[in-house]
Amino acid sequence: MSAKKGLRADSTHFTLEGAPFLILGGSIHYFRVPRAYWRDRLLKLKACGLNTLTTYVPWNLHEPERGVFLFQEQLDMEAYIRLAGELGLWVILRPGPYICAECDLGGLPSWLLQDKKMKVRTTYSGFTSAVNSYFDNLIPRITPLQFKNGGPIIAVQLDNEYGSYAKDKQYMLFIKEALLSRGISELLLTSDNHKELKNGGVDGVLQTVNMQNLSNDGLQHLATLQPNKPLMVMEFWPGWFDVWGGLHHVFAAQEMISIVRQLLDRGISINFYMFHGGTNFGFMNGANNDGTYRPQTTSYDYDAPLTESGDYTTKYHLLRNLLSTYNKKPLPEPPAVQSRRAYEPVVVSHYISLWETLQCAETHFRADDPISMENLPANHSNGQSYGYTLYQTDIHSGGELNSRKHVHDRALVFIDRELIGVLDCKTQTVKISHSKSKRTLSLLVENCGRLNYGSAMDNQQKGISGDISLEDVPLKRFSMYCLDMKPSFINRLQSQKWMSVRQKPTYPAFFRGTLVVDKPTDTFLKLPNWSKGVVFVNGRNLGRHWSVGPQKALYLPGPWLRSGDNEIMVFEELNAAEKIHFAENPEYGKTINVPIE
Ligand code: GLA
(Lines give C-alpha, C1' and ligand atoms only; values in the text may rest on other atoms or scores of the structure.)
Protein backbone atom coordinates (compact mmCIF):
# COMPACT_ATOMS: atom_id res chain seq x y z
CA MET A 1 0.00 0.00 0.00
CA SER A 2 1.37 3.43 -0.87
CA ALA A 3 2.02 5.90 1.95
CA LYS A 4 -0.96 8.11 2.79
CA LYS A 5 -0.72 11.43 0.98
CA GLY A 6 -1.29 14.53 3.04
CA LEU A 7 -2.16 18.03 1.89
CA ARG A 8 -0.38 18.94 -1.34
CA ALA A 9 -0.21 22.20 -3.26
CA ASP A 10 1.15 20.93 -6.57
CA SER A 11 -1.36 22.56 -8.90
CA THR A 12 -4.06 25.23 -8.82
CA HIS A 13 -6.03 23.20 -6.29
CA PHE A 14 -5.07 21.43 -3.09
CA THR A 15 -5.15 17.66 -2.91
CA LEU A 16 -5.57 15.58 0.23
CA GLU A 17 -5.20 11.81 0.20
CA GLY A 18 -4.64 12.21 -3.53
CA ALA A 19 -8.05 13.82 -4.24
CA PRO A 20 -8.88 17.49 -4.90
CA PHE A 21 -9.55 19.30 -1.62
CA LEU A 22 -11.03 22.68 -0.81
CA ILE A 23 -9.98 23.89 2.64
CA LEU A 24 -13.03 25.21 4.50
CA GLY A 25 -11.47 26.30 7.73
CA GLY A 26 -12.45 28.10 10.89
CA SER A 27 -10.29 29.50 13.69
CA ILE A 28 -11.17 28.73 17.30
CA HIS A 29 -8.49 29.26 19.93
CA TYR A 30 -8.48 26.67 22.70
CA PHE A 31 -7.13 29.27 25.12
CA ARG A 32 -10.14 31.54 24.53
CA VAL A 33 -12.86 28.92 25.07
CA PRO A 34 -13.49 27.08 28.37
CA ARG A 35 -12.22 23.54 27.94
CA ALA A 36 -15.63 22.14 28.87
CA TYR A 37 -16.95 23.77 25.69
CA TRP A 38 -14.27 22.71 23.21
CA ARG A 39 -16.36 19.81 21.95
CA ASP A 40 -19.52 21.89 21.60
CA ARG A 41 -17.74 24.62 19.61
CA LEU A 42 -15.97 22.14 17.33
CA LEU A 43 -19.21 20.24 16.68
CA LYS A 44 -20.81 23.57 15.75
CA LEU A 45 -17.93 24.30 13.39
CA LYS A 46 -18.34 20.93 11.73
CA ALA A 47 -22.11 21.25 11.52
CA CYS A 48 -21.62 24.54 9.67
CA GLY A 49 -19.96 22.62 6.86
CA LEU A 50 -16.32 23.40 7.61
CA ASN A 51 -13.73 20.65 7.33
CA THR A 52 -10.70 22.20 9.03
CA LEU A 53 -9.92 23.77 12.41
CA THR A 54 -7.16 26.34 12.63
CA THR A 55 -5.60 27.53 15.84
CA TYR A 56 -2.67 29.56 17.00
CA VAL A 57 -0.40 28.34 19.81
CA PRO A 58 0.41 31.14 22.32
CA TRP A 59 4.01 30.88 23.49
CA ASN A 60 3.49 33.37 26.34
CA LEU A 61 0.85 31.15 27.94
CA HIS A 62 2.72 27.90 27.36
CA GLU A 63 6.06 29.13 28.72
CA PRO A 64 5.13 31.73 31.37
CA GLU A 65 8.59 31.49 32.90
CA ARG A 66 11.72 30.58 31.02
CA GLY A 67 11.90 26.77 30.94
CA VAL A 68 8.54 26.26 32.67
CA PHE A 69 6.09 24.71 30.21
CA LEU A 70 2.33 24.51 30.73
CA PHE A 71 0.29 22.18 28.54
CA GLN A 72 -2.48 21.08 30.86
CA GLU A 73 -6.14 21.81 31.41
CA GLN A 74 -7.13 24.93 29.48
CA LEU A 75 -3.76 24.80 27.70
CA ASP A 76 -3.86 21.14 26.69
CA MET A 77 -3.16 21.83 23.03
CA GLU A 78 -2.64 18.17 22.21
CA ALA A 79 -6.03 17.16 23.66
CA TYR A 80 -7.64 19.92 21.59
CA ILE A 81 -6.02 18.77 18.36
CA ARG A 82 -6.89 15.14 19.11
CA LEU A 83 -10.49 16.12 19.81
CA ALA A 84 -10.70 17.87 16.44
CA GLY A 85 -9.38 14.70 14.82
CA GLU A 86 -11.91 12.52 16.64
CA LEU A 87 -14.72 14.75 15.41
CA GLY A 88 -13.54 14.36 11.83
CA LEU A 89 -11.87 17.73 11.38
CA TRP A 90 -8.48 18.46 9.84
CA VAL A 91 -6.19 20.88 11.62
CA ILE A 92 -3.96 23.68 10.37
CA LEU A 93 -1.67 24.63 13.21
CA ARG A 94 -0.17 28.10 13.61
CA PRO A 95 2.54 27.70 16.25
CA GLY A 96 4.18 31.08 15.75
CA PRO A 97 6.40 31.71 17.62
CA TYR A 98 4.81 35.14 16.99
CA ILE A 99 1.04 34.92 16.46
CA CYS A 100 -0.30 38.52 16.71
CA ALA A 101 -3.89 37.39 17.50
CA GLU A 102 -4.71 40.32 19.84
CA CYS A 103 -2.59 38.61 22.50
CA ASP A 104 -0.24 40.52 24.81
CA LEU A 105 3.03 41.01 22.84
CA GLY A 106 1.55 39.00 19.96
CA GLY A 107 1.87 35.85 22.05
CA LEU A 108 5.56 36.29 22.83
CA PRO A 109 6.60 35.89 26.48
CA SER A 110 7.34 39.19 28.16
CA TRP A 111 10.48 37.81 29.81
CA LEU A 112 12.17 38.11 26.42
CA LEU A 113 12.19 41.86 27.03
CA GLN A 114 14.49 41.54 30.03
CA ASP A 115 17.30 41.57 27.49
CA LYS A 116 17.91 45.21 26.60
CA LYS A 117 19.36 44.17 23.22
CA MET A 118 16.39 41.95 22.36
CA LYS A 119 15.31 41.91 18.76
CA VAL A 120 12.26 39.69 18.59
CA ARG A 121 11.38 38.01 15.29
CA THR A 122 14.95 38.20 14.05
CA THR A 123 17.92 35.84 14.12
CA TYR A 124 19.36 37.71 17.12
CA SER A 125 20.79 34.88 19.23
CA GLY A 126 18.87 35.89 22.37
CA PHE A 127 15.66 35.36 20.45
CA THR A 128 16.59 32.26 18.45
CA SER A 129 17.90 30.43 21.52
CA ALA A 130 14.62 31.13 23.35
CA VAL A 131 12.65 29.89 20.31
CA ASN A 132 14.84 26.79 20.06
CA SER A 133 14.27 25.90 23.66
CA TYR A 134 10.50 26.45 23.33
CA PHE A 135 10.31 24.47 20.08
CA ASP A 136 12.31 21.63 21.67
CA ASN A 137 9.42 21.30 24.08
CA LEU A 138 6.54 22.19 21.74
CA ILE A 139 7.27 20.47 18.46
CA PRO A 140 7.60 16.89 19.82
CA ARG A 141 4.01 17.35 21.07
CA ILE A 142 2.91 18.23 17.53
CA THR A 143 4.78 15.73 15.36
CA PRO A 144 2.80 12.65 16.48
CA LEU A 145 -0.40 14.52 15.59
CA GLN A 146 0.64 15.07 11.98
CA PHE A 147 -1.29 13.48 9.12
CA LYS A 148 1.54 11.13 8.21
CA ASN A 149 1.36 9.69 11.73
CA GLY A 150 -2.40 9.25 11.58
CA GLY A 151 -3.20 12.62 13.21
CA PRO A 152 -5.36 15.48 11.93
CA ILE A 153 -2.64 18.13 11.29
CA ILE A 154 -2.42 18.68 7.53
CA ALA A 155 -0.44 21.95 7.47
CA VAL A 156 1.68 24.15 9.71
CA GLN A 157 2.10 27.91 9.42
CA LEU A 158 5.42 29.67 9.95
CA ASP A 159 5.27 32.65 12.31
CA ASN A 160 2.62 35.18 11.27
CA GLU A 161 2.41 37.99 8.71
CA TYR A 162 6.17 38.39 8.63
CA GLY A 163 5.79 40.58 5.54
CA SER A 164 4.58 43.36 7.82
CA TYR A 165 7.68 43.12 10.04
CA ALA A 166 10.42 41.92 7.72
CA LYS A 167 13.35 43.10 9.81
CA ASP A 168 15.61 40.14 9.03
CA LYS A 169 15.83 38.29 5.72
CA GLN A 170 17.13 35.15 7.46
CA TYR A 171 14.36 34.95 10.06
CA MET A 172 11.76 32.95 8.15
CA LEU A 173 14.43 30.54 6.95
CA PHE A 174 15.37 30.02 10.58
CA ILE A 175 11.75 29.26 11.51
CA LYS A 176 11.37 26.92 8.56
CA GLU A 177 14.49 25.02 9.55
CA ALA A 178 13.44 25.01 13.21
CA LEU A 179 10.23 23.20 12.21
CA LEU A 180 11.72 20.84 9.62
CA SER A 181 14.64 19.79 11.78
CA ARG A 182 12.26 18.80 14.56
CA GLY A 183 10.16 16.59 12.32
CA ILE A 184 7.38 18.80 10.96
CA SER A 185 6.71 17.26 7.58
CA GLU A 186 3.23 18.38 6.53
CA LEU A 187 2.63 21.27 4.13
CA LEU A 188 4.20 24.52 5.30
CA LEU A 189 2.43 27.86 4.87
CA THR A 190 2.94 31.54 5.45
CA SER A 191 0.13 34.05 5.74
CA ASP A 192 0.26 37.76 5.03
CA ASN A 193 -1.95 40.75 4.68
CA HIS A 194 -2.66 41.34 0.99
CA LYS A 195 -0.53 44.50 1.07
CA GLU A 196 2.53 42.70 2.40
CA LEU A 197 2.76 39.51 0.40
CA LYS A 198 5.97 40.64 -1.22
CA ASN A 199 8.12 40.42 1.89
CA GLY A 200 6.33 37.58 3.63
CA GLY A 201 7.29 34.47 1.70
CA VAL A 202 10.09 31.99 2.10
CA ASP A 203 11.41 29.53 -0.45
CA GLY A 204 9.49 26.30 -0.79
CA VAL A 205 6.63 27.45 1.45
CA LEU A 206 3.11 28.15 0.17
CA GLN A 207 1.93 31.73 0.64
CA THR A 208 -1.64 32.56 1.67
CA VAL A 209 -3.39 35.89 2.07
CA ASN A 210 -5.45 37.66 4.78
CA MET A 211 -8.29 39.96 3.84
CA GLN A 212 -11.85 41.10 4.37
CA ASN A 213 -13.22 42.44 1.11
CA LEU A 214 -12.70 41.72 -2.55
CA SER A 215 -12.02 45.27 -3.60
CA ASN A 216 -8.29 44.66 -3.50
CA ASP A 217 -5.95 42.87 -5.80
CA GLY A 218 -4.54 40.60 -3.10
CA LEU A 219 -5.68 37.39 -4.75
CA GLN A 220 -4.43 38.48 -8.13
CA HIS A 221 -1.12 39.37 -6.56
CA LEU A 222 -0.93 35.97 -4.85
CA ALA A 223 -1.71 34.18 -8.12
CA THR A 224 1.03 36.12 -9.89
CA LEU A 225 3.55 35.40 -7.15
CA GLN A 226 2.66 31.71 -7.16
CA PRO A 227 1.44 30.58 -10.58
CA ASN A 228 0.01 27.07 -10.63
CA LYS A 229 -0.54 26.99 -6.92
CA PRO A 230 -3.82 26.84 -5.00
CA LEU A 231 -5.15 30.10 -3.62
CA MET A 232 -6.07 30.35 0.00
CA VAL A 233 -7.40 33.14 2.19
CA MET A 234 -5.88 32.09 5.50
CA GLU A 235 -7.69 34.81 7.39
CA PHE A 236 -11.01 35.90 6.09
CA TRP A 237 -12.23 38.32 8.77
CA PRO A 238 -16.01 37.94 9.29
CA GLY A 239 -15.87 40.76 11.83
CA TRP A 240 -13.20 42.48 13.85
CA PHE A 241 -11.94 42.91 17.41
CA ASP A 242 -12.79 45.84 19.73
CA VAL A 243 -10.68 48.25 21.78
CA TRP A 244 -11.60 49.97 25.06
CA GLY A 245 -13.13 53.35 24.47
CA GLY A 246 -14.03 52.45 20.86
CA LEU A 247 -17.08 51.00 19.13
CA HIS A 248 -18.14 47.40 18.60
CA HIS A 249 -17.16 46.20 15.13
CA VAL A 250 -19.73 44.35 13.08
CA PHE A 251 -19.76 43.06 9.52
CA ALA A 252 -23.12 42.65 7.79
CA ALA A 253 -23.98 38.97 7.35
CA GLN A 254 -25.29 39.31 3.79
CA GLU A 255 -22.24 41.24 2.67
CA MET A 256 -19.96 38.62 4.21
CA ILE A 257 -21.83 35.77 2.54
CA SER A 258 -21.64 37.40 -0.85
CA ILE A 259 -17.85 37.69 -0.57
CA VAL A 260 -17.49 34.12 0.66
CA ARG A 261 -19.65 32.90 -2.20
CA GLN A 262 -17.45 34.65 -4.74
CA LEU A 263 -14.31 33.17 -3.21
CA LEU A 264 -15.72 29.67 -3.20
CA ASP A 265 -17.05 30.04 -6.75
CA ARG A 266 -13.47 30.69 -7.78
CA GLY A 267 -12.30 27.54 -6.00
CA ILE A 268 -10.39 29.52 -3.39
CA SER A 269 -9.79 27.86 -0.04
CA ILE A 270 -10.81 29.90 2.97
CA ASN A 271 -10.40 30.05 6.72
CA PHE A 272 -12.67 32.14 8.92
CA TYR A 273 -10.65 34.16 11.39
CA MET A 274 -12.47 33.95 13.73
CA PHE A 275 -15.18 31.34 13.34
CA HIS A 276 -15.67 31.70 17.09
CA GLY A 277 -13.61 34.33 18.88
CA GLY A 278 -14.30 33.57 22.54
CA THR A 279 -12.88 35.67 25.33
CA ASN A 280 -9.64 37.38 26.31
CA PHE A 281 -9.85 35.91 29.79
CA GLY A 282 -7.59 37.33 32.47
CA PHE A 283 -4.87 39.62 31.17
CA MET A 284 -4.65 37.92 27.77
CA ASN A 285 -5.43 40.89 25.53
CA GLY A 286 -2.93 42.87 23.53
CA ALA A 287 -3.11 46.39 22.13
CA ASN A 288 -2.79 48.28 18.89
CA ASN A 289 -1.20 51.56 18.06
CA ASP A 290 -2.70 53.67 15.31
CA GLY A 291 -0.97 56.78 16.62
CA THR A 292 -2.72 56.23 19.94
CA TYR A 293 -2.23 53.25 22.21
CA ARG A 294 -5.44 51.19 22.23
CA PRO A 295 -5.80 48.09 24.39
CA GLN A 296 -8.28 45.43 23.30
CA THR A 297 -11.40 44.52 25.23
CA THR A 298 -11.99 41.38 27.28
CA SER A 299 -14.56 40.10 24.82
CA TYR A 300 -13.18 38.62 21.60
CA ASP A 301 -16.64 38.08 20.13
CA TYR A 302 -15.34 39.35 16.78
CA ASP A 303 -18.89 39.37 15.33
CA ALA A 304 -17.99 35.85 14.25
CA PRO A 305 -20.45 33.18 13.05
CA LEU A 306 -20.58 31.82 16.62
CA THR A 307 -20.86 34.44 19.35
CA GLU A 308 -18.56 34.75 22.34
CA SER A 309 -20.84 32.42 24.33
CA GLY A 310 -21.19 29.97 21.44
CA ASP A 311 -24.59 31.04 20.10
CA TYR A 312 -25.58 30.65 16.49
CA THR A 313 -25.95 33.84 14.48
CA THR A 314 -27.49 34.81 11.15
CA LYS A 315 -23.99 34.52 9.74
CA TYR A 316 -23.77 30.95 10.95
CA HIS A 317 -27.07 29.95 9.36
CA LEU A 318 -26.35 31.68 6.04
CA LEU A 319 -22.91 30.15 5.95
CA ARG A 320 -24.23 26.68 6.72
CA ASN A 321 -26.69 27.01 3.86
CA LEU A 322 -23.96 28.06 1.49
CA LEU A 323 -21.46 25.45 2.63
CA SER A 324 -23.97 22.64 2.42
CA THR A 325 -23.63 22.95 -1.35
CA TYR A 326 -19.86 22.43 -1.06
CA ASN A 327 -20.25 19.27 1.03
CA LYS A 328 -21.02 15.98 -0.67
CA LYS A 329 -22.79 14.54 2.37
CA PRO A 330 -25.67 16.22 4.25
CA LEU A 331 -24.32 18.31 7.12
CA PRO A 332 -24.67 17.05 10.68
CA GLU A 333 -27.41 18.64 12.78
CA PRO A 334 -26.07 21.63 14.77
CA PRO A 335 -25.87 20.92 18.53
CA ALA A 336 -28.70 22.21 20.70
CA VAL A 337 -28.67 25.84 21.80
CA GLN A 338 -27.29 26.33 25.31
CA SER A 339 -29.31 28.21 27.86
CA ARG A 340 -28.11 31.18 29.87
CA ARG A 341 -29.41 32.80 33.00
CA ALA A 342 -29.69 36.22 34.51
CA TYR A 343 -28.95 35.38 38.14
CA GLU A 344 -30.34 37.62 40.85
CA PRO A 345 -27.95 40.50 41.61
CA VAL A 346 -25.27 39.76 44.17
CA VAL A 347 -25.05 42.22 47.03
CA VAL A 348 -21.45 43.14 47.77
CA SER A 349 -20.81 42.29 51.40
CA HIS A 350 -17.14 42.98 52.12
CA TYR A 351 -14.16 44.85 50.85
CA ILE A 352 -10.49 45.15 51.51
CA SER A 353 -8.53 48.16 50.42
CA LEU A 354 -5.56 47.51 48.14
CA TRP A 355 -3.38 49.28 50.69
CA GLU A 356 -4.20 46.54 53.20
CA THR A 357 -3.20 43.78 50.81
CA LEU A 358 0.35 44.79 50.02
CA GLN A 359 1.80 42.08 52.23
CA CYS A 360 0.14 39.58 49.88
CA ALA A 361 2.05 40.95 46.87
CA GLU A 362 4.15 38.49 44.91
CA THR A 363 7.30 40.54 45.54
CA HIS A 364 8.24 43.67 47.38
CA PHE A 365 11.44 45.22 46.17
CA ARG A 366 13.37 48.41 46.84
CA ALA A 367 15.70 50.21 44.45
CA ASP A 368 16.95 53.67 43.76
CA ASP A 369 15.34 53.87 40.33
CA PRO A 370 11.98 52.52 39.24
CA ILE A 371 12.27 49.11 37.61
CA SER A 372 10.02 47.95 34.76
CA MET A 373 7.68 45.01 35.40
CA GLU A 374 9.77 42.64 33.30
CA ASN A 375 12.86 43.34 35.37
CA LEU A 376 11.33 43.09 38.81
CA PRO A 377 12.79 40.12 40.65
CA ALA A 378 9.49 38.22 40.62
CA ASN A 379 8.56 34.71 39.45
CA HIS A 380 12.01 33.17 39.68
CA SER A 381 13.60 36.19 38.03
CA ASN A 382 11.30 36.06 35.02
CA GLY A 383 9.91 39.40 36.09
CA GLN A 384 6.27 40.34 36.18
CA SER A 385 4.34 39.79 32.98
CA TYR A 386 0.82 41.06 33.60
CA GLY A 387 -1.34 42.98 36.02
CA TYR A 388 -0.47 45.96 38.16
CA THR A 389 2.66 47.19 39.92
CA LEU A 390 2.62 49.68 42.74
CA TYR A 391 5.53 52.15 42.83
CA GLN A 392 6.00 54.22 45.97
CA THR A 393 8.44 56.86 47.11
CA ASP A 394 8.50 59.67 49.66
CA ILE A 395 8.35 63.27 48.54
CA HIS A 396 9.03 66.45 50.50
CA SER A 397 7.74 69.03 48.05
CA GLY A 398 5.10 69.55 45.37
CA GLY A 399 4.94 70.71 41.78
CA GLU A 400 4.67 68.97 38.46
CA LEU A 401 4.96 65.21 38.36
CA ASN A 402 6.10 64.23 34.87
CA SER A 403 5.98 60.66 33.59
CA ARG A 404 8.49 61.50 30.82
CA LYS A 405 6.52 58.93 28.78
CA HIS A 406 7.88 56.18 31.00
CA VAL A 407 4.56 55.11 32.54
CA HIS A 408 2.98 52.10 30.80
CA ASP A 409 0.15 52.03 30.43
CA ARG A 410 -2.01 53.74 32.99
CA ALA A 411 -1.19 54.92 36.48
CA LEU A 412 -3.43 56.05 39.26
CA VAL A 413 -1.46 58.66 41.19
CA PHE A 414 -1.94 58.99 44.95
CA ILE A 415 -0.56 61.25 47.64
CA ASP A 416 -0.89 59.60 51.02
CA ARG A 417 -3.43 57.22 49.48
CA GLU A 418 -5.56 60.00 48.07
CA LEU A 419 -6.09 59.91 44.33
CA ILE A 420 -4.81 63.07 42.63
CA GLY A 421 -4.76 62.07 38.97
CA VAL A 422 -4.21 59.56 36.22
CA LEU A 423 -1.20 59.24 33.92
CA ASP A 424 -1.44 57.48 30.57
CA CYS A 425 -0.26 57.83 27.00
CA LYS A 426 -2.22 61.08 26.62
CA THR A 427 -1.56 62.65 30.01
CA GLN A 428 2.04 62.93 31.08
CA THR A 429 1.77 65.34 34.00
CA VAL A 430 -0.08 65.67 37.27
CA LYS A 431 0.10 68.65 39.65
CA ILE A 432 1.05 67.85 43.22
CA SER A 433 0.09 70.41 45.87
CA HIS A 434 2.93 72.11 47.75
CA SER A 435 3.93 70.92 51.17
CA LYS A 436 7.26 70.48 52.91
CA SER A 437 6.10 67.59 55.04
CA LYS A 438 6.96 64.04 54.08
CA ARG A 439 4.26 62.44 51.94
CA THR A 440 4.00 59.11 50.14
CA LEU A 441 3.63 59.27 46.39
CA SER A 442 2.13 56.07 44.97
CA LEU A 443 1.63 55.12 41.34
CA LEU A 444 -0.48 52.07 40.69
CA VAL A 445 0.57 51.19 37.16
CA GLU A 446 -1.42 48.78 35.01
CA ASN A 447 -0.11 46.85 32.04
CA CYS A 448 -3.24 47.26 29.89
CA GLY A 449 -1.81 44.94 27.19
CA ARG A 450 1.42 44.99 25.20
CA LEU A 451 1.22 45.81 21.50
CA ASN A 452 0.61 42.69 19.45
CA TYR A 453 1.37 44.22 16.07
CA GLY A 454 3.79 46.68 14.55
CA SER A 455 7.49 47.39 14.59
CA ALA A 456 7.79 48.46 18.25
CA MET A 457 7.66 44.97 19.76
CA ASP A 458 11.05 45.28 21.47
CA ASN A 459 9.95 48.34 23.45
CA GLN A 460 6.97 46.94 25.26
CA GLN A 461 8.31 47.13 28.82
CA LYS A 462 5.53 47.89 31.27
CA GLY A 463 5.25 49.54 34.66
CA ILE A 464 7.68 52.46 34.93
CA SER A 465 10.40 52.01 32.34
CA GLY A 466 12.65 54.99 33.13
CA ASP A 467 12.89 58.18 35.18
CA ILE A 468 9.83 60.05 36.28
CA SER A 469 10.36 63.50 37.73
CA LEU A 470 8.98 66.04 40.20
CA GLU A 471 9.77 69.59 39.09
CA ASP A 472 12.28 68.12 36.63
CA VAL A 473 14.19 66.23 39.30
CA PRO A 474 14.13 62.44 38.79
CA LEU A 475 12.49 60.67 41.70
CA LYS A 476 14.53 58.06 43.58
CA ARG A 477 14.27 55.43 46.32
CA PHE A 478 11.33 53.39 45.10
CA SER A 479 9.45 50.63 46.78
CA MET A 480 7.77 48.31 44.29
CA TYR A 481 5.01 45.77 44.79
CA CYS A 482 4.22 43.21 42.14
CA LEU A 483 0.43 42.84 41.97
CA ASP A 484 0.05 40.31 39.19
CA MET A 485 -3.25 39.11 40.69
CA LYS A 486 -2.50 35.46 40.02
CA PRO A 487 -4.65 32.82 41.78
CA SER A 488 -2.00 32.50 44.53
CA PHE A 489 -2.37 36.22 45.29
CA ILE A 490 -6.16 36.05 45.25
CA ASN A 491 -5.89 33.08 47.60
CA ARG A 492 -3.69 34.99 50.01
CA LEU A 493 -6.29 37.75 50.15
CA GLN A 494 -8.78 35.35 51.68
CA SER A 495 -7.00 35.25 55.01
CA GLN A 496 -6.82 39.04 55.30
CA LYS A 497 -9.14 41.19 57.33
CA TRP A 498 -12.10 42.13 55.12
CA MET A 499 -14.38 45.00 56.15
CA SER A 500 -18.13 45.29 55.95
CA VAL A 501 -19.20 47.58 53.10
CA ARG A 502 -21.18 49.60 55.60
CA GLN A 503 -17.92 51.44 56.17
CA LYS A 504 -16.82 53.72 53.35
CA PRO A 505 -14.12 51.95 51.30
CA THR A 506 -10.73 53.41 50.52
CA TYR A 507 -9.94 52.90 46.86
CA PRO A 508 -8.62 50.97 45.05
CA ALA A 509 -10.15 47.94 46.72
CA PHE A 510 -11.29 44.39 46.31
CA PHE A 511 -15.01 43.78 46.81
CA ARG A 512 -16.68 40.47 47.27
CA GLY A 513 -20.06 38.86 47.33
CA THR A 514 -21.52 35.39 47.01
CA LEU A 515 -23.45 34.10 44.06
CA VAL A 516 -25.58 31.13 45.05
CA VAL A 517 -26.16 28.81 42.13
CA ASP A 518 -28.37 25.76 41.83
CA LYS A 519 -27.36 24.51 38.40
CA PRO A 520 -24.27 26.21 36.91
CA THR A 521 -25.33 28.00 33.73
CA ASP A 522 -23.64 30.53 31.46
CA THR A 523 -24.31 34.16 32.23
CA PHE A 524 -23.01 37.67 31.57
CA LEU A 525 -21.74 39.67 34.53
CA LYS A 526 -22.45 43.40 34.56
CA LEU A 527 -21.15 46.21 36.71
CA PRO A 528 -23.29 49.28 36.08
CA ASN A 529 -22.01 52.32 38.01
CA TRP A 530 -18.69 50.65 38.73
CA SER A 531 -15.65 52.10 37.04
CA LYS A 532 -12.60 50.04 36.15
CA GLY A 533 -10.84 46.93 37.34
CA VAL A 534 -10.73 43.16 37.16
CA VAL A 535 -13.28 40.42 37.99
CA PHE A 536 -12.44 37.11 39.66
CA VAL A 537 -14.85 34.20 39.95
CA ASN A 538 -13.89 31.47 42.40
CA GLY A 539 -10.35 32.81 42.15
CA ARG A 540 -10.23 32.76 38.35
CA ASN A 541 -9.45 35.96 36.52
CA LEU A 542 -12.37 36.59 34.18
CA GLY A 543 -10.91 39.74 32.70
CA ARG A 544 -11.00 43.51 32.91
CA HIS A 545 -14.11 45.64 33.24
CA TRP A 546 -14.13 49.30 32.27
CA SER A 547 -17.03 51.71 32.13
CA VAL A 548 -15.70 53.39 28.96
CA GLY A 549 -17.02 50.34 27.06
CA PRO A 550 -17.93 49.47 24.39
CA GLN A 551 -18.28 46.15 26.21
CA LYS A 552 -20.61 46.36 29.20
CA ALA A 553 -20.90 42.71 30.23
CA LEU A 554 -18.34 39.97 30.86
CA TYR A 555 -18.98 36.42 29.70
CA LEU A 556 -19.05 34.08 32.70
CA PRO A 557 -19.04 30.44 31.54
CA GLY A 558 -21.24 28.04 33.50
CA PRO A 559 -18.46 25.46 33.92
CA TRP A 560 -16.51 28.00 35.98
CA LEU A 561 -19.37 28.12 38.50
CA ARG A 562 -20.36 25.39 40.94
CA SER A 563 -23.59 24.40 42.62
CA GLY A 564 -23.76 26.27 45.90
CA ASP A 565 -21.70 29.31 46.85
CA ASN A 566 -19.51 31.06 44.30
CA GLU A 567 -17.21 33.88 45.26
CA ILE A 568 -17.31 36.91 43.00
CA MET A 569 -14.47 39.30 43.68
CA VAL A 570 -14.12 42.61 41.89
CA PHE A 571 -10.98 44.68 41.97
CA GLU A 572 -12.22 48.23 41.56
CA GLU A 573 -9.92 51.19 41.00
CA LEU A 574 -12.24 54.11 41.54
CA ASN A 575 -15.85 53.53 42.39
CA ALA A 576 -17.86 50.47 43.37
CA ALA A 577 -21.63 50.11 43.48
CA GLU A 578 -23.68 48.02 45.86
CA LYS A 579 -24.43 45.15 43.54
CA ILE A 580 -23.01 42.88 40.87
CA HIS A 581 -25.56 42.19 38.17
CA PHE A 582 -26.12 39.36 35.71
CA ALA A 583 -27.77 39.27 32.32
CA GLU A 584 -28.76 36.61 29.88
CA ASN A 585 -27.27 38.41 26.94
CA PRO A 586 -24.07 40.28 26.17
CA GLU A 587 -23.86 44.04 25.70
CA TYR A 588 -21.13 44.95 23.26
CA GLY A 589 -22.07 48.60 22.84
CA LYS A 590 -22.60 50.93 19.93
CA THR A 591 -21.58 49.39 16.63
CA ILE A 592 -19.46 50.42 13.68
CA ASN A 593 -19.43 48.58 10.37
CA VAL A 594 -16.42 46.88 8.84
CA PRO A 595 -14.74 46.88 6.40
CA ILE A 596 -13.80 50.40 7.48
CA GLU A 597 -11.66 51.24 4.43
C1 GLA B 1 -3.96 39.70 11.44
C2 GLA B 1 -3.28 38.64 12.29
C3 GLA B 1 -4.22 37.96 13.26
C4 GLA B 1 -5.12 38.96 13.91
C5 GLA B 1 -5.88 39.73 12.85
C6 GLA B 1 -6.83 40.76 13.39
O7 GLA B 1 -4.44 39.21 10.30
O8 GLA B 1 -2.67 37.66 11.50
O9 GLA B 1 -3.44 37.29 14.20
O10 GLA B 1 -4.36 39.82 14.69
O11 GLA B 1 -4.98 40.44 12.06
O12 GLA B 1 -7.76 40.18 14.19
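Just the heavy atoms: all of them, side chains too, but no hydrogens, waters or symmetry mates, feed the values below. One-based numbering, in listed order, for ligands and for the atoms of each.
Of all atoms in ligand 1, numbered sequentially from 1 with element shown, those under 4.0 Å from a heavy atom of Trp240 are 6 (C). Residue contact check: Asn160 has heavy atoms under 4.0 Å from atoms 2 (C), 8 (O), 9 (O) of ligand 1. Listed by atom number, the atoms of ligand 1 under 4.0 Å from Trp237 heavy atoms are 5 (C), 7 (O). Interface atoms of ligand 1 facing Tyr56, defined by a heavy-atom separation under 4.0 Å, are 2 (C), 3 (C), 8 (O), 9 (O).
Among Tyr300, Phe524, Tyr37, the one residue that satisfies the ring pair (Phe, Tyr, Trp, His ring centres under 6.0 Å) test with Tyr555 is Phe524.
Proximity of Ile99 to ligand 1, defined as any heavy-atom pair under 4.0 Å, is confined to the backbone N, CA, C and O atoms.
The closest protein non-hydrogen atom to atom 12 (O) of ligand 1 is Tyr302 OH, 2.5 Å. Closest protein heavy atom to atom 10 (O) of ligand 1: Glu102 OE2, 2.7 Å. Of the protein's non-hydrogen atoms, Glu235 OE1, 3.8 Å is the one closest to atom 11 (O) of ligand 1.
A ring-centre distance under 6.0 Å is not found for His249 and Tyr588. Taking the six-membered ring for Trp, Phe281 and Phe31 have ring centres at least 6.0 Å apart.
Of the polar atoms of Cys100, none of the N or O atoms is found under 3.5 Å from an N or O of ligand 1, judged by distance alone.
Between Lys462 and Asp409, at least one side-chain N (NZ, or NE/NH1/NH2) sits under 4.0 Å from a carboxylate O, which counts as a salt bridge. With salt bridges taken as basic N to acidic carboxylate O contacts below 4.0 Å, none links Arg32 and Glu102.
Listed by chain and number, the residues in a salt bridge (charged side-chain N to carboxylate O under 4.0 Å, His left out) with Arg41 amount to none (sequence neighbours excluded).
Counting only residues at least two apart or in different chains, side chain to side chain donor-acceptor pair (under 3.5 Å) contacts with residues 229-239 comprise Tyr56-Glu235, Arg94-Glu235, Glu235-Trp237.
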